[in-house]
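Here is the structure we will look at, set down as structure tokens.
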Amino acid sequence: MTLKLDKVNRGPHLSTLVASSISREIAQGRLSPGDQLPTEQALAQTFGVSRNVVREAIARLRSEGRIWSQQGRGAFVADVPNSTVLTIDHDSLQQADAFQNLFEIRGILEVQVAALAAQRRTEADLAAMRDALATMAAAPYGSVTWLKTDLEFHKTVAAATQNVYMVPFLMFASERVRDSILASGNQRRSDDLASITLGEHQQILDAIEAGDPDAAQRAMHLHLAGAAQRVGLSLAADPADIEPGSLSAAIQETSKDTQK
């Protein structure tokens, strides 16, 4: 078997790039169902990364149903066509339309998640949200730590719905949005943007703490519209969500800006 594997560029998303490269070999038929992957050491040398990075990539591929592992034998290509696991690889998200579509899916989920969280949150949920927001505020805007903590905040909101399936569904989309932002470096940085983004998260938290599902939906929509704009995408406001008041006016204004 002849694989077309090359060293990957350095960065915080190395395991994502390694997993994507192996996925491409499977998709293009150079790795077939039942084939055994090279050893961790061999893959680490080929990609020019550490064995820990390879392990993370293998774990991700295993969770996506692309490979299976057996103790003492190694990793093998799974029967992907029969897999029911949803997968979105790194390469496909380099296409603008795919990234836009994924962001829209995230928006549909998170707006409803915010409403449920406002109705069902506990004091422990609110404390977790506050902790995540405080950690984000202490991190440099747009850094790996910032993005990870941003993701953690949204995870705490999803957990507050008390729906056991909400976190994995939401995190699947959100983690791939984060990975694409890291890979592209398409994240403008400034103190003003940090303040704006933290303010958006605070509005979400305030609405959830107040137990107001409508305000939580509007606050989440405002945040996601702003987040889309900051990475060069557009997320139009849903007319059904627009109500009189400063928050809905801000949503309308943000949506207009993203379409310029």
Side-chain angles (χ1 to χ4, degrees), residues 12-13 103 105-164 166-182 186-231 233 235 237 241 245-251 253-254 258:
H13 52 282
F103 216 98
I105 290 172
R106 180 191 173 196
I108 292 168
L109 287 172
E110 293 218 50
V111 168
Q112 297 305 316
V113 162
L116 286 176
Q119 294 171 314
R120 301 175 181 175
R121 88 290 183 276
T122 65
E123 286 303 317
D125 293 323
L126 293 172
M129 292 178 211
R130 294 188 195 104
D131 288 345
L133 195 55
T135 304
M136 193 191 316
Y141 177 75
S143 66
V144 175
T145 301
W146 171 285
L147 291 171
K148 285 184 176 179
T149 313
D150 188 340
L151 190 64
E152 181 62 26
F153 176 86
H154 288 269
K155 184 177 179 179
T156 64
V157 174
T161 66
Q162 315 307 326
N163 183 321
V164 296
M166 200 66 77
V167 169
F169 268 77
L170 184 59
M171 289 301 99
F172 177 84
S174 297
E175 285 175 357
R176 279 145 189 82
V177 168
R178 180 200 62 184
D179 288 345
S180 294
I181 293 172
L182 284 170
N186 190 21
Q187 176 84 334
R188 291 180 294 155
R189 304 185 183 190
S190 75
D191 291 340
D192 288 343
L193 287 178
S195 177
I196 290 169
T197 307
L198 287 170
E200 292 169 359
H201 284 84
Q202 187 64 55
Q203 287 180 325
I204 295 168
L205 174 55
D206 290 345
I208 292 174
E209 185 170 15
D212 188 336
D214 291 336
Q217 283 187 315
R218 293 195 301 271
M220 183 63 78
H221 206 142
L222 170 63
H223 166 56
L224 293 175
Q229 182 185 17
R230 288 187 283 274
V231 294
L233 299 179
L235 187 66
D241 291 337
S246 60
L247 186 56
S248 59
I251 293 174
E253 187 63 32
T254 301
T258 61

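- The NE2 atom of His223 sits 5.0 Å away from atom CG of Asp150, with the distance rounded to the nearest 0.5 Å.
- The line from CZ of Arg120 to CD of Gln162 is 8.0 Å long, rounded to the nearest 0.5 Å.
- Contacts of Gln112 classified as side-chain contact (heavy atoms from CB on, under 4.5 Å), with partners at least two apart in sequence or in another chain: Gln217.
- Applying the side-chain contact (heavy atoms from CB on, under 4.5 Å) rule to Ala160 yields the partners Ala117, Arg121, Asp125, Met129; only residues at least two apart in sequence or on another chain are considered.
- Minimum heavy-atom separation, Ala115 to Pro213: O-CB, 3.6 Å.
- Atom-to-atom distance recorded for Met171:CE and Lys155:NZ is 7.0 Å, nearest 0.5 angstrom.
- Here the side chain of Thr156 pairs a donor or acceptor atom with the backbone of Phe153 at under 3.5 angstrom.
- Counting all heavy atoms, side chain and backbone alike, Ala207 lies closest to Ala118 at O-CB, 4.2 Å.
- Ala158 pairs by the side-chain contact (heavy atoms from CB on, under 4.5 Å) definition with Val113, Met166, Val167, Leu170, not counting sequence neighbours.
- Every residue meeting the salt bridge (charged side-chain N to carboxylate O under 4.0 Å, His left out) condition with Glu200, not counting sequence neighbours, appears here in chain and number order: Arg230.
- Side-chain contact between His201 and His154 is present, with at least one heavy-atom pair separated by less than 4.5 Å.
- Taking the side chain to side chain donor-acceptor pair (under 3.5 Å) definition, one finds that Asp206 meets it with Gln202, sequence neighbours left out.
- Between Phe169 and Asn163, every side-chain heavy-atom pair lies at or beyond the 4.5 Å cut-off.
- In this structure, Tyr141 and Trp146 have perpendicular ring planes: the angle between them is above 60°, well past the 30° mark.
- The distance from the CG atom of Leu109 to the CG atom of Leu224 is 10.0 Å, given to the nearest 0.5 Å.
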Below 3.5 Å, can you tabulate the donor-acceptor pairs from side chains in residues 130-138 to any protein atom, sequence neighbours excluded?
unit_1	atom_1	unit_2	atom_2	d
Arg130	NH2	Glu209	OE2	2.8
Thr135	OG1	Asp131	O	3.0

